[in-house]
Amino acid sequence: MSKVQAIRGMNDLLPEQSPLWQYFEGHIQALMSRYGYQEIRTPVLEQTSLFKRSIGEVTDIVEKEMYTFDDRSGDSLTLRPEGTAAVVRAAIENGMLHNQTQRLWYTGPMFRYERPQKGRYRQFHQVGVEIFGLDGPDIDAEAILLTARLWKQLGLNEHVTLELNSLGSNEARSAYRSLLVDYFTAHEDQLDEDSRRRLTSNPLRILDSKNPAMQDLIEGAPQLLEHLDRESQDHFESLKRLLDAAGIAYVINPRLVRGLDYYNRTVFEWTTTALGSQGTVCAGGRYDGLVEQLGGKPTRAVGFAMGIERLVLLLDTLGLVPPELHHNVDVYLMAMSDHGQSQALLLGETLRDALPGLRVQVHCGGGSFKSRMKKADRSGASLALILGEDELSEHTVSVKYLRDDTDQTTLDQPSLVALLTERFPAATEH
RNA sequence: GUGGGUGUAGCUCAGUGGUAGAGCCCCGGAUUGUGGCUCCGGUGGUCGUGGGUUCGAUCCCCAUCAUCCACCCCA
């Protein structure tokens with residue numbers, strides 16, 4: 001006997017949580033629109049080769065975390081493990097990068113075959129931004145300002161820290177990489193097992209090791225920021241000045257490297273200490289070489305992605321969820337007996353016609369009067385509208401105030417609409 | 001892939017080698033047409049699954065699955 005159950009690491013979003021997601025997504029849509037960014041939607045499935053070429057053959061994501069399978073014609077497809085590759089593909093394919101700039105955003109599910117833990121799931125959701133055709137630090141700053149505004153709107157600004165670094169040009173990064181490999185190879189006996197593996201896969205990652213035994217060795221390693229090319233240095237300095245001017249606080253983290261191969265120059269992360277070990281809530285940077293690498297004309301690009309699960313969890317943990325999100329009903333409308341049910345349904349429709357924004361729940365399913373009242377209370381509604389025998393014969397409705405001491409009144413329909421209009425002014429518009 | 005914790009009612013959790021408990025939720029009543037507070041009653045469990053030890057296992061042992069946390073990696 002096997003129970004039906006969801007796939008490991010893939011979660012249902014339950015009604016209790018969905019208002020919070022809608023709240024977050026609503027902020028995102030409005031924010032993107034205010035910065036003039038346009039939404040792009042791409043399929044969840046792509047050719048496997050797209051991710052191999054962009055993320056990097058030897059990264060963990062490509063080597064062991066992708067959901068890859070052959071379709072019925074034998075093509076290798078992969079559920080997207082991140083958003084950037086697909087957006088770049090779509091932008092090239094649809095001719096969006098010919099002498100134009102693009103400021104794009106997307107949201108949707110991503111898939112990685114990892115062990116689930118707090119803030120990390122096999123299907124997770126990201127909101128991302130990808131900007132094409134702009135080379136200067138000003139656009140890097142804008143991307144960061146946009147995220148900073150979001151934190152402020154959500155009340156998170158006191159709880160997240162901006163970490164900043166520069167990886168340099170692709171050439172400088174690669175030169176530094178060999179320097180680092182030389183250094184750590186010379187001290188290979190002091191490397192732990194993970195880092196010995198990283199030596200070939202992602203040597204920059206060794207700098208980020210959490211192993212205390214290796215901290216001295218890491219301290220002595222060549223510094224990335226001292227090996228930047230001149231142009232990247234200037235770019236980085238300008239970015240810092242722009243952030244200073246905008247009053248955005250940041251911490252330079254020379255050990256900050258991104259896991260994906262395509263990053264260069266500016267990289268940044270917003271982190272929190274409130275979520276346990278999965279503290280990165282938003283991360284991104286420049287990927288000036290990726291478009292060309294995927295067959296487009298050389299096009300500078302910068303972008304970032306944030307994890308919705310982590311941000312929603314953070315809002316929840318910090319008690320930043322507006323309490324009104326939990327109320328989804330304004331008025332609860334009930335007949336007192338099955339006899340009046342038809343009238344109750346009709347009155348519900350009348351009210352929705354008159355007040356498009358009013359959230360009306362009509363009692364269904366019978367039950368004693370006591371239980372109907374109880375459901376009215378539990379619905380969170382502030383008013384109960386009651387249709388009993390007297391009301392039905394007199395064509396009136398009784399209004400009972402569930403959350404304050406106002407006396408119950410009995411009204412005709414026009415007066416009821418007037419009362420509701422006054423009490424729920426926002427409800428006159430959808 | 002590695003390590004540790006946890007699986008008992010819809011939810012949060014007690015519990016004992018001898019046939020299963022509380023609180024919340026839900027339903028009904030005290031209160032013929034009035035919720036919240038209180039009181040009373042009721043519904044609801046193959047104790048994750050499979051095997052082993054035992055006269056007897058929800059409890060002990062093994063395996064397995066799920067879940068949580070951490071490592072790795074990442075949003």
Side-chain angles (χ1 to χ4, degrees), chain A residues 1-9 11 14 16 55 58-65 81-84 107-129 147 192-195 197-198 201-202 205-206 208-211 257-260 268-272 275-284 303-314 332 334-337 340 363 365-392 398-405 407-408 410:
Chain A
M1 181 200 75
S2 61
K3 282 187 284 189
V4 291
Q5 54 189 6
I7 293 174
R8 170 171 225 193
N11 302 309
L14 300 176
E16 195 183 349
I55 297 169
V58 295
T59 56
D60 275 22
I61 291 181
V62 168
E63 277 186 343
K64 49 189 194 189
E65 294 179 1
E82 57 99 46
T84 299
T107 185
M110 308 293 163
F111 304 84
R112 290 182 201 171
Y113 189 86
E114 297 181 276
R115 279 285 274 267
Q117 70 185 71
K118 185 175 186 149
R120 193 178 64 192
Y121 310 99
R122 290 186 171 181
Q123 175 175 330
F124 61 104
H125 297 76
Q126 289 186 330
V127 172
V129 157
T147 55
D192 61 17
E193 195 187 326
D194 281 332
S195 294
R197 181 173 49 75
R198 290 178 183 123
S201 62
N202 192 349
R205 264 274 163 217
I206 300 176
D208 214 15
S209 169
K210 290 175 188 170
N211 187 347
V257 294
R258 316 282 13 277
L260 287 53
F268 67 93
E269 277 189 18
W270 288 96
T271 60
T272 175
L275 289 184
S277 73
Q278 307 304 318
T280 302
V281 118
C282 172
F304 63 81
M306 55 183 94
I308 302 183
E309 279 85 357
R310 289 183 186 178
L311 284 163
V312 162
L313 188 60
L314 186 59
Y332 194 89
M334 70 184 92
M336 222 177 74
S337 62
H363 177 86
S368 67
F369 189 67
K370 180 190 174 77
S371 78
R372 293 175 198 230
M373 282 305 297
K374 198 163 190 163
K375 279 173 178 153
D377 184 40
R378 292 293 161 90
S379 76
S382 61
L383 300 181
L385 305 184
I386 301 165
L387 286 175
E389 294 303 317
D390 297 345
E391 288 86 350
L392 286 174
S398 289
V399 179
K400 181 179 174 66
Y401 294 78
L402 297 169
R403 315 287 162 207
D404 57 64
D405 288 335
D407 287 337
Q408 180 168 328
T410 300

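In what follows, chains are A, B, ... by sequence order, proteins preceding strands, each numbered from 1.
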Would you please name every residue forming a side-chain contact (heavy atoms from CB on, under 4.5 Å) with K400(A), sequence neighbours left out? M373(A), A384(A), I386(A), L402(A), Q408(A)

Could you list the donor-acceptor pairs under 3.5 angstrom formed by side chains in residues 121-128 of chain A, with sequence neighbours left out?
| unit_1 | atom_1 | unit_2 | atom_2 | d |
| --- | --- | --- | --- | --- |
| Y121(A) | OH | G119(A) | N | 3.3 |
| R122(A) | NE | E114(A) | O | 2.7 |
| R122(A) | NH2 | E114(A) | O | 3.4 |
| H125(A) | ND1 | E309(A) | OE2 | 2.8 |

F369(A) atom CZ: more than 12 heavy-atom contacts under 6.0 Å: yes

Does G35(B) have OP1 or OP2 sitting under 4.0 Å from an N or O in the side chain of S371(A)? no

For atom CZ of R122(A) and atom P of G1(B), their distance in whole Å: 8 Å

Could you pull out all residues at least two apart from D407(A) that satisfy side-chain contact (heavy atoms from CB on, under 4.5 Å)? none

For the pair made of CG in N11(A) and P in U67(B), what is the distance, rounded to whole Å? 8 Å

Would you say a side-chain N or O of Q5(A) is under 4.0 Å from OP1 or OP2 of A66(B)? no

Can you name the atoms? Protein N/O to nucleotides 2-12 of chain B N/O, anything below 3.5 Å, with the distance.
| unit_1 | atom_1 | unit_2 | atom_2 | d |
| --- | --- | --- | --- | --- |
| U2(B) | O4 | R115(A) | NE | 3.4 |
| U2(B) | O4 | R115(A) | NH1 | 3.2 |
| U2(B) | O4 | R115(A) | NH2 | 3.2 |
| G3(B) | O6 | R115(A) | NH2 | 3.2 |

Nearest-nucleotide 5' precedence on RNA chain B, R403(A) against C282(A): R403(A)

Look at the side-chain N and O atoms of R205(A) and state whether any lies under 4.0 Å from the OP1 or OP2 oxygen of C74(B). yes

Contacts of type salt bridge (Lys or Arg N to Asp or Glu O under 4.0 Å), residue R197(A), not counting sequence neighbours: D194(A)

Who pairs with D405(A) by salt bridge (Lys or Arg N to Asp or Glu O under 4.0 Å), at least two apart in sequence or on another chain? none

Please report the shortest heavy-atom distance between R112(A) and P81(A), naming the atom on each side. NE-O, 2.7 Å

Those residues at least two apart in sequence (or on a different chain) that pass salt bridge (Lys or Arg N to Asp or Glu O under 4.0 Å) with D377(A) are R403(A)

Check the interface with nucleotides 24-26 of chain B: list each N/O to N/O pair with the protein under 3.5 Å, or write none.
| unit_1 | atom_1 | unit_2 | atom_2 | d |
| --- | --- | --- | --- | --- |
| C25(B) | O3' | R378(A) | NH1 | 3.4 |
| C26(B) | OP1 | R378(A) | NH1 | 2.5 |
| C26(B) | OP2 | R378(A) | NH1 | 2.6 |

Distance (rounded to the nearest 0.5 Å) between R120(A) CZ and S277(A) OG: 7.5 Å

Testing the basics here: between A283(A) and E269(A), what is the closest heavy-atom pair and its distance to 0.1 Å? CB-CG, 3.6 Å

Measure from CD on Q117(A) to P on C74(B) and round the result to the nearest Å. 13 Å

What integer number of Å spans the C1' atoms of A66(B) and C47(B)? 16 Å

Nearest-0.5 Å distance that lies between atom CD1 in I206(A) and atom CZ in R198(A): 7.0 Å

From NZ of K118(A) over to P of C73(B), roughly how many Å is that when rounded to an integer? 21 Å

Please indicate yes or no: is the ring centre of F124(A) less than 5.5 Å from the centre of the six-membered base ring of A75(B), with the two planes inclined by under 30 degrees? yes

Look up atom OG in S337(A) and atom CZ in R372(A), then write down how far apart they are to the nearest 0.5 Å. 6.5 Å

Under a cut-off of 3.5 Å for both distances of each Watson-Crick or G-U pair, what dot-bracket string does RNA chain B give, using [ ] for crossing pairs and | for inter-strand pairs? (((((((..((((....[..)))).(((((.......))))).....(((((..]....))))))))))))....

Could you tell me how far apart D405(A) (CG) and G35(B) (C1') are, to the nearest whole angstrom? 14 Å

Taking the nucleotide of RNA chain B with the closest heavy atom to each, which residue, M306(A) or L275(A), is nearer the 5' end? L275(A)

Check this for me: does the side-chain of E65(A) come within 3.5 Å of the base of G1(B) through a donor and an acceptor? no

Rounded interatomic separation in angstrom, taking CD from E63(A) and P from C72(B): 17 Å

When rounded to the nearest Å, what value does the distance between P atoms of C59(B) and U53(B) take? 14 Å

Could you state the atom-to-atom distance from CG of D377(A) to P of G36(B) in whole Å? 7 Å

Examine the base of C69(B) for any acceptor or donor lying under 3.5 Å from a partner atom in the side chain of R120(A), and report the outcome as yes or no. no

Listed partners of K64(A) passing salt bridge (Lys or Arg N to Asp or Glu O under 4.0 Å), at least two apart: D60(A)

To the nearest Å, how far apart are I61(A) CD1 and C73(B) P? 12 Å

Can you check whether E82(A) reaches I61(A) side chain to side chain, under 4.5 Å on heavy atoms? no

With sequence neighbours excluded, what pairs up with L275(A) under the side-chain contact (heavy atoms from CB on, under 4.5 Å) test? T272(A), V281(A), R310(A), L313(A), L314(A), T317(A)

Just to confirm, is there a sub-4.0 Å distance from OP1 or OP2 of C71(B) to any side-chain nitrogen or oxygen of S277(A)? yes

Can you name the atoms? Protein N/O to nucleotides 38-41 of chain B N/O, anything below 3.5 Å, with the distance.
none

